[in-house]
Amino acid sequence: MTFSLPVPGAGTPPVRAPHVGLVILALAVGGFAIGTTEFASMSMLPLFAQGLGIDAPTAGHAISAYALGVVVGAPIMTVLGARVPRRRLLLMLMAMFTVFNGLTGLSPSYHWMLVFRFLAGLPHGAYFGVAALVASSLVPANRRTRAIGQMFLGLTIATVVGVPLASWLGQAVGWRWAFALVALLGIATMSAVAAFAPEVPADEDASPLRELGALKRPQVWLTLGIGAIGFGGLFAVYTYLADILLSVTHMSLGAVPWVIGVFGIGLTAGNMIVPAFADRALMRTAGVLLVWSMAMLAAVPFTAGNVWTLGLNVFLIGIGGALATVLQTRLMDVAGDAQGLAAALNHSAFNTANALGPFLGGLAIAHGYGWTSPGWVGSALALCGLGIWAVSVSAGSRERGMATESC
C-alpha cells in the first residue's frame, strides 16, 4: 500500500492506514520517551544540584539548555529533513535523542551535562512536528485536534508514569540511571515506529525554501508568541515544584514524585477532554485555557502550605497544558503549505517558554520573593499570552473581513 502525506485541513481526505490506532500508539511511545526526559529533569533538579555541587538556580540551567536545543533544533532539523520520508525521519530523530540522553547520564561534569542536554533537545521539536502531521493526516479534518491529542498522550502519561519512575530511580540509585532509562525508552520508540508507522513518502514538492515560507505569515508568529509567552507560566511553577514541596509544604523528598504525578494526571485529563472542544472552536478554547492558567498559577502562593490544596492546584494547572495541542492545530491552519516547519516550531515556542519560565521564576526566587513567587510570575506570563491571543483573533477577523469584501 502506498501512503502520502497531504496537508491537513478542511476538505483533505485522510490517509488510508490499516491500523490507525497502532500508528498513533507508536508515535505516542516517542512522546512518552521525550516527556520522561523533559519533565523528569525538572523533578530531579535538587538531585542535580547536590550531585554536581551547584545550587538549584544554577542546576536549572540544564533545563534551559535542553529547551534551547529544542528551540534551535526544531527549525533546523525540519528544514534539513523536508524531503526525507516521514518514517525514516522519525527514526533518525529518535536515534539522535537516544544517544544524547544516554551520554547525559555519563556526563563527567556540569558543563558536559549542559552540552549533552542541548544536543538531546535538538530532535525534540522536529519529532513532535512530524508525528503531529502524520497523526492528523490519518483522520478527517474535524478530528485533527483529537488525533494530535492522542499522540500527545504519550507525553502526558510520561508525567504520570515515566517521570515518577525516573525520579524514584534517580533517588534510589542516582540521577544518571534515570537517563539510562530514557535511552531505553528511545530504543523502544524506534522499534515501535519501525513496526507500525506507515511508509509515508516526503511531499514531492517539499523543499527547505517552501518550509521557510511559514516564517512570512504573521499569524504563524502570533500563534508561536502565544505558546512562547503564555505557556511559560506552567514551566515557571513546574520547574521549582520540587523545591516548593520541600521548602514550603515540608514534604519528604520521597513523596515529591507523587505530586509530580498529579500534575501529569492533570495534563492527561486536559489532553483527553479539551481537544473535543477545540475541534469545534479552536481559538476560543485557546483563550479559555490562557485565562484558566492565569487563575490557577496565581493560586499557587495560597495553596502551597498544604499538600492537599497544592495537589489540587497542581492538577488544575496541568489541565491548562492542553494549550500545546490546541496551538499545534492552529499552526496547521495558518501555515499554508509550510506544514512541517510550522508544526515543529510549536515545540520551539513551548521550549522558549520552558527556558523563559524557569529563568524568570528563578530571578524572583533569587531576589528574595520566596519559593512560591513563580506562581505570580506564571500568572503574569499567561496574561501576556492572552494579550497576544487577542491580537491574533483581532487580526484574523480583519483578514476575513477583507477577504469577504474582495469577493
Side-chain angles (χ1 to χ4, degrees), residues 1-8 14-15 17 19-20 22-35 37-38 69-101 119-138 144 147-148 150-152 154-155 183 185-215 328 331-332 335 337-348 350-351:
M1 181 178 293
T2 300
F3 296 87
S4 61
L5 186 64
V7 175
V15 167
H19 302 292
V20 172
L22 289 178
V23 176
I24 294 178
L25 175 62
L27 300 174
V29 173
F32 184 85
I34 292 173
T37 192
E38 183 173 22
V70 180
V71 173
V72 173
I76 293 175
M77 297 291 177
T78 303
V79 169
L80 292 178
R83 299 189 60 83
V84 178
R86 300 306 181 194
R87 186 172 73 169
R88 186 188 307 170
L89 182 56
L90 289 170
L91 290 171
M92 291 167 60
L93 292 167
M94 191 48 60
M96 184 177 180
F97 170 87
T98 300
V99 168
F100 288 118
N101 272 282
L119 294 173
L122 291 177
H124 174 132
Y127 176 87
F128 272 123
V130 176
L133 287 174
V134 173
S136 64
S137 73
L138 299 172
R144 289 176 304 152
I148 294 170
Q150 289 166 1
M151 183 270 292
F152 272 124
L155 187 151
L185 290 172
I187 294 172
T189 299
M190 294 170 66
S191 300
V193 169
F196 301 120
E199 287 282 4
V200 182
D203 188 339
E204 294 181 357
D205 297 323
S207 70
L209 187 60
R210 193 182 80 170
E211 291 297 331
L212 290 171
L215 303 180
Q328 187 81 68
L331 280 167
M332 292 178 181
D337 58 2
Q339 294 288 309
L341 181 58
L345 283 174
N346 189 41
H347 300 277
S348 289
F350 282 107
N351 280 273

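Heads up: numbering here begins at 1 and tracks the sequence.
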Search all heavy atoms of [X] against all heavy atoms of [Y] and return the closest pair with its distance.
{"X": "Thr98", "Y": "Gly186", "answer": "OG1-CA, 3.2 Å"}
{"X": "Phe196", "Y": "Ala26", "answer": "CB-CB, 4.0 Å"}
{"X": "Gln150", "Y": "Ala28", "answer": "O-CB, 4.2 Å"}
{"X": "Ala74", "Y": "Gly125", "answer": "CB-CA, 4.0 Å"}
{"X": "Ala135", "Y": "Ile24", "answer": "CB-CG1, 4.5 Å"}

From [X] [atom1] over to [Y] [atom2], what is the distance, rounded to the nearest 0.5 angstrom?
{"X": "Leu345", "Y": "Thr78", "atom1": "CG", "atom2": "OG1", "answer": "7.0 Å"}
{"X": "Leu93", "Y": "Tyr127", "atom1": "CG", "atom2": "OH", "answer": "9.0 Å"}
{"X": "Gln328", "Y": "Ile148", "atom1": "CD", "atom2": "CD1", "answer": "5.5 Å"}
{"X": "Phe152", "Y": "Ile34", "atom1": "CZ", "atom2": "CD1", "answer": "9.5 Å"}
{"X": "Leu91", "Y": "Met190", "atom1": "CG", "atom2": "CE", "answer": "6.0 Å"}
{"X": "Leu89", "Y": "Met94", "atom1": "CG", "atom2": "CE", "answer": "11.0 Å"}

Check: Ile76 and Leu122 side chains under 4.5 Å, non-hydrogen atoms = no
task = Could you tell me whether the side chain of Phe32 reaches within less than 4.5 Å of the side chain of Leu185, counting heavy atoms only?
result = yes
query = Does Ile187 offer a backbone N or O that forms a donor-acceptor pair with the side chain of Ser191 under 3.5 Å?
reply = yes
message = Among residues at least two apart in sequence or on other chains, which ones pass side chain to side chain donor-acceptor pair (under 3.5 Å) with Thr189?
response = none
